Every structure is written in C-alpha cells, then in structure tokens.
Amino acid sequence: MPVQKTSVLVLDCAEPEALAEFYANFLGAEVRRGADPDFIEVTGPEGVRLAVRRDHGFAPPSWPRPDDSLQAHLHILVPQEGMDEAEREAVGHGARPIDTKDNGGPRDVRLYSDPAGHTFALVAREGRTAD
C-alpha cells in the first residue's frame with residue numbers, strides 16, 4: 001500500500017510570522033504554528049496549503065527575472081469578475097504591484113510581490129483547469 005503523501009509549497013523568508021499572516025489574511029486561511037517557530041503552515045478552504053520557513057540568509061527573488069532564472073511563483077486563481085477586488089485586497093494586505101495592467105477576459109494575469117519579495121499572480125479563473 002502506498003504511503004499517504006501531502007504536498008506543501010514552502011516559501012523561504014526572513015520573517016515567517018509576518019509572511020504567514022499576509023497569506024492567511026489574503027487567502028482567507030489560518031496560520032498553524034507548530035513546535036518549530038521557523039516553520040509556519042497556512043491552511044484554508046479550497047485546498048490552500050503552503051508554509052513559510054525562516055532563512056537567515058534570505059535574499060528576495062528579483063523581477064524581472066534574469067534570462068537563466070528558474071524562480072517559481074504562485075498563481076492565485078480568482079473569478080474574472082473578482083479580479084479588481086482581489087487586487088485591492090492583495091495591495092491592502094501588503095502586496096506590491098509589479099505588473100497590474102488589466103489584460104481583460106480569461107487571460108487576465110496581474111503580478112505582485114508579497115511582503116518578502118516572492119512573486120505571485122492573480123489569474124482569471126475562466127479557462128484554467130483548477131476550478
């Protein structure tokens with residue numbers, strides 16, 4: 001019988017408490033603290049599960065990325081009609097706009113950085129596989 005597995009995206013940062021609170025507030029999720037103060041999980045509805053981990057030598061990712069970069073970023077799927085409101089929420093919780101032009105329709109993608117500098121995108125849900 002296979003071993004049960006759960007995947008968790010882990011973001012490195014200098015201040016895990018602050019970054020966990022940012023994502024919990026923005027995603028309507030909750031912060032779960034364990035025995036290790038340097039590792040905090042964020043869990044919530046719709047299968048949201050990520051964690052933040054303290055990295056004492058953390059340097060924020062750069063944007064735009066260098067040509068040879070392999071940086072990852074989060075896609076946060078949002079109903080098309082909710083894109084403007086989600087953008088206001090993201091900025092209200094501390095996100096910084098990188099490229100927020102309204103691309104219109106199902107190809108609307110708006111880029112931000114979280115308080116620790118990780119890139120994430122608000123993506124119109126229509127036309128995406130994760131409903």
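All values derive from a computational prediction rather than experimental measurement.
- Within the model, atoms NE2 of H75 and CG of L111 stand 7.5 Å from one another, a figure rounded to the nearest 0.5 Å.
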Steps toward side-chain contact (heavy atoms from CB on, under 4.5 Å) verdict (E87, L122): CA-CA 8 Å; E87 180 173 83; L122 295 177; 4.2 Å; yes

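- Here the CD-CZ distance, from E15 to F58, works out to 10.5 Å after rounding to the nearest 0.5 Å.
- The distance from atom CG of L11 to atom CD1 of I40, rounded to the nearest 0.5 Å, is 12.0 Å.
- Interatomic distance, C13 SG to R54 CZ, rounded to the nearest 0.5 Å: 7.5 Å.
- Here the CZ atom belonging to R49 is positioned 7.0 Å from the OG1 atom belonging to T43, to the nearest 0.5 angstrom.
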Enumerate, atom names and distances included, each donor-acceptor pair closer than 3.5 Å involving a side-chain atom of residues 20-32, sequence neighbours excluded.
unit_1, atom_1, unit_2, atom_2, d
E21, OE2, R33, NH2, 2.9
Y23, OH, D114, OD2, 2.7
N25, ND2, E21, O, 3.1

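- Separation of atoms CG (D108) and CG (D84) is listed at 8.0 Å; rounding is to 0.5 Å.
- Across every non-hydrogen atom of P60 and G117, the tightest pair is CB-CA, 4.1 Å.
- Shown here for A86 and V78, the closest heavy-atom pair between the two residues is CB-CG1, 3.9 Å.
- Inter-residue side-chain proximity for L74 and H118 is flagged as unmet; no heavy-atom pair is nearer than 4.5 Å.
- Here the closest non-hydrogen pair linking A95 and Y112 is CB-CB, 4.2 Å.
- When all heavy atoms of L19 and A116 are compared, the closest pair comes out as CD2-CB, 3.9 Å.
- Of all the heavy atoms in G94 and P115, the pair that sits closest is O-CG, 3.9 Å.
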